[in-house]
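Just so it is clear, the values below take in all heavy atoms, side chains as well, and ignore hydrogens, waters and symmetry mates.
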Amino acid sequence: MKKILFVAAFSLAIVVANAQTDSTAGTRHKLMIASITTMDGQRINGLLSAVNDSQLLLRKPNGQLTVRAENLRSFTLKRKNSVLKGALIGFGVGAVAGVLMGFASGNDPVMAYPNPGDDPFGIGSMGVALHNSFAMTAGQKAVAGGLGLGVTGAIVGTIIGAVAKKKFVIGGKKEKFHDLQADVMMKLVKK
């Protein structure tokens with residue numbers, strides 16, 4: 001059983017390590033939601049479709065919109081569906097951890113009832129019955145742990161997905177926009 005748990009944990013570690021590699025081969029465009037504040041205080045929201053030396057290009061339901069660097073006070077970027085993705089990843093990680101812990105803890109021992117002659121009032125039998133009613137098998141613990149930690153992980157993932165965003169302050173300065181352009185472009189590219 002310990003070997004199976006070790007192999008499962010090792011495999012999970014390899015998957016996580018491979019997911020964090022930073023290769024640009026086979027890149028494609030991420031869907032990022034941009035929330036822009038212009039120099040005159042106007043708020044513009046849309047999907048960021050491109051970035052060049054002097055402007056942001058937004059995709060909106062009624063067409064494309066270009067916002068020049070001189071007109072940018074600040075903008076934030078957030079991945080589209082980040083809340084859902086965070087919830088799913090959190091549920092998956094929590095469920096796997098709960099199942100592994102449930103199986104690793106094994107079965108609870110079941111106590112034997114005392115002889116009726118040794119327990120004339122039945123108090124010992126009630127204690128044994130109470131203990132045995134909460135005794136669980138490893139499979140039951142795995143299900144309970146998977147559900148409990150899965151739901152907890154989903155809640156944590158939802159919160160992280162909701163607050164995960166990157167803010168860029170430009171202040172209408174084209175030089176500052178140009179300096180931050182590489183960061184913005186890296187956020188648009190994914191494997």
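Scanning all heavy atoms of the two residues, the minimum distance from Leu58 to Ile36 falls at CD1-CD1, 3.5 Å. The two residues Lys78 and Ala164 have their closest heavy-atom pair at CG-O, 3.6 Å. When all heavy atoms of Leu48 and Ala34 are compared, the closest pair comes out as CB-CB, 4.2 Å.
Connection of Met136 to Val99 is not established within any shared hydrophobic cluster, with ILVMFWY side chains joined at heavy-atom distances below 4.5 Å, either directly or through further cluster members. Follow the hydrophobic side-chain contacts under 4.5 Å out from Ile160 and you never reach Leu84; the two are in separate clusters. Val143 and Val151 are not part of a single hydrophobic cluster, where members link through side-chain heavy atoms under 4.5 Å apart. Under the 4.5 Å side-chain contact rule for hydrophobic residues, Ile159 and Val83 do not share a cluster.
Residues meeting the side chain to side chain donor-acceptor pair (under 3.5 Å) test with Asp40, sequence neighbours left out: Thr38. Applying the side chain to side chain contact (heavy atoms under 4.5 Å, CB included) test to Leu57 and every residue at least two apart in sequence or in another chain returns Ser49, Ala50, Gln64, Thr66. Asn45 pairs by the side chain to side chain contact (heavy atoms under 4.5 Å, CB included) definition with Ser35, not counting sequence neighbours. Legend: residues meeting side chain to side chain donor-acceptor pair (under 3.5 Å) with Asp108, ordered by chain and number and at least two apart, are Lys141.
When side chains are defined from C-beta on, Leu31 counts as touching Arg59, because their heavy atoms get closer than 4.5 Å. For the pair Thr152 and Phe91, the minimum side-chain heavy-atom distance is 4.5 Å or more.
Of the possible polar contacts, one joining the Asn52 side chain to the Gln55 backbone as a donor-acceptor pair under 3.5 Å is found. Between the Ser74 side chain and the Val169 main chain, no donor and acceptor come within less than 3.5 Å of each other. Checking side-chain atoms of Asn132 against main-chain N and O of Val110 turns up no donor-acceptor pair under 3.5 Å.
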Intermediate values then yes/no, side chain to side chain contact (heavy atoms under 4.5 Å, CB included), Leu72 and Lys176: CA-CA 10 Å; Leu72 286 172; Lys176 202 166 202 180; over 6 Å; no

From CA spacing to verdict: side chain to side chain donor-acceptor pair (under 3.5 Å), Thr37, Arg43: CA-CA 5 Å; Thr37 304; Arg43 302 247 330 144; 3.1 Å; yes

Phe75/Ile170 under side chain to side chain contact (heavy atoms under 4.5 Å, CB included): CA gap, chis, key distance, verdict: CA-CA 8 Å; Phe75 65 97; Ile170 306 299; 3.9 Å; yes

Check against side chain to side chain contact (heavy atoms under 4.5 Å, CB included), Ile33 and Leu77: CA-CA 6 Å; Ile33 298 171; Leu77 293 178; over 6 Å; no

Side chain to side chain contact (heavy atoms under 4.5 Å, CB included) between Arg79 and Met32, intermediate numbers included: CA-CA 4 Å; Arg79 287 188 71 170; Met32 301 291 286; 3.5 Å; yes

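Apart from Val93 itself, the hydrophobic cluster it occupies contains Ile89, where clustering links Ile, Leu, Val, Met, Phe, Trp and Tyr at side-chain heavy-atom distances under 4.5 Å.
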What donor-acceptor contacts under 3.5 angstrom involve side-chain atoms of residues 123-131, with partners at least two apart or in another chain?
from: Ser125; atom 1: OG; to: Asp119; atom 2: OD2; distance (Å): 3.4

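A salt bridge links Glu70 to Arg68: at least one charged side-chain nitrogen sits closer than 4.0 Å to a carboxylate oxygen.
Taking CE of Met101 as the start and CZ of Phe103 as the end, the distance is 13.0 Å to the nearest 0.5 Å.
Cation-pi geometry between Lys173 and Phe177 is not satisfied (NZ or CZ under 6.0 Å from the ring centre, within 45° of the ring normal).
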